[in-house]
Amino acid sequence: MADPAGQLRGVCGFLGEKYAPGMTEPHRVAGMAVPARKTWRRRTHGALDTSRAGTWSARLTPDQIRLSEAVLGERLTSYGYELAGAVRPDPAELPCYRRVEVPRRAAHAKRRALDRLTRVRAPGPVACRPATG
């Protein structure tokens with residue numbers, strides 16, 4: 001968040017894509033690119049802001065942090081995130097997590113498939129450019 005342009009240049013380089021300065025202003029195209037039904041992405045309609053960086057530590061309970069680090073720890077560190085160093089959860093907690101995880105992953109896959117189907121059926125092409133004027 002401190003250097004969005006630098007981070008985006010790195011991501012674009014990794015993907016073999018050309019960087020454009022407008023990438024740091026997603027709110028300019030969010031009205032056209034993010035459907036209203038995707039309410040969980042409502043913050044894409046505002047400018048980039050660092051106010052929520054790190055707020056997970058206040059929004060998650062210590063048990064949630066322990067479980068998150070147990071399940072996602074390797075992935076987080078591979079992406080350069082520092083772990084909070086929470087004590088590992090009781091092994092009996094992991095099966096409870098798995099019982100919730102499996103249906104959530106299935107629901108997420110279903111939602112992605114429906115979104116893909118909606119995009120395929122949409123009249124295209126849709127230009128995601130801000131209106132000039």
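If you chain together hydrophobic residues whose side chains sit under 4.5 Å apart, Val71 and Tyr81 fall into the same group. By the rule that hydrophobic residues join a cluster once side-chain heavy atoms approach within less than 4.5 Å of another member, Leu72 and Leu83 end up as members of one cluster. The hydrophobic cluster containing Leu67 also contains Leu76, counting ILVMFWY residues as joined when their side-chain heavy atoms lie under 4.5 angstrom apart, directly or transitively.
In terms of heavy atoms, Ala5 sits closest to Tyr19 at CB-OH, 3.4 Å.
In this structure, Arg9 CZ and Thr24 OG1 are separated by 9.0 Å, a value rounded to the nearest 0.5 Å.
Salt bridge present: Arg98 and Glu101 bring a charged side-chain N and a carboxylate O closer than 4.0 Å.
Residue Arg59 places its CZ atom among more than 12 non-hydrogen atoms of other residues, nucleotides or ligands, all under 6.0 Å distant.
Side-chain contact between Trp56 and Ile65: present, with at least one pair of heavy atoms (C-beta onward) separated by less than 4.5 Å.
A donor-acceptor pair shorter than 3.5 Å can be found between the side chains of Arg112 and His108.
Evaluation of the side chain to side chain donor-acceptor pair (under 3.5 Å) test over residues 66-80, restricted to residues two or more places apart or in two chains, returns Asp63-Arg66, Arg66-Glu93.
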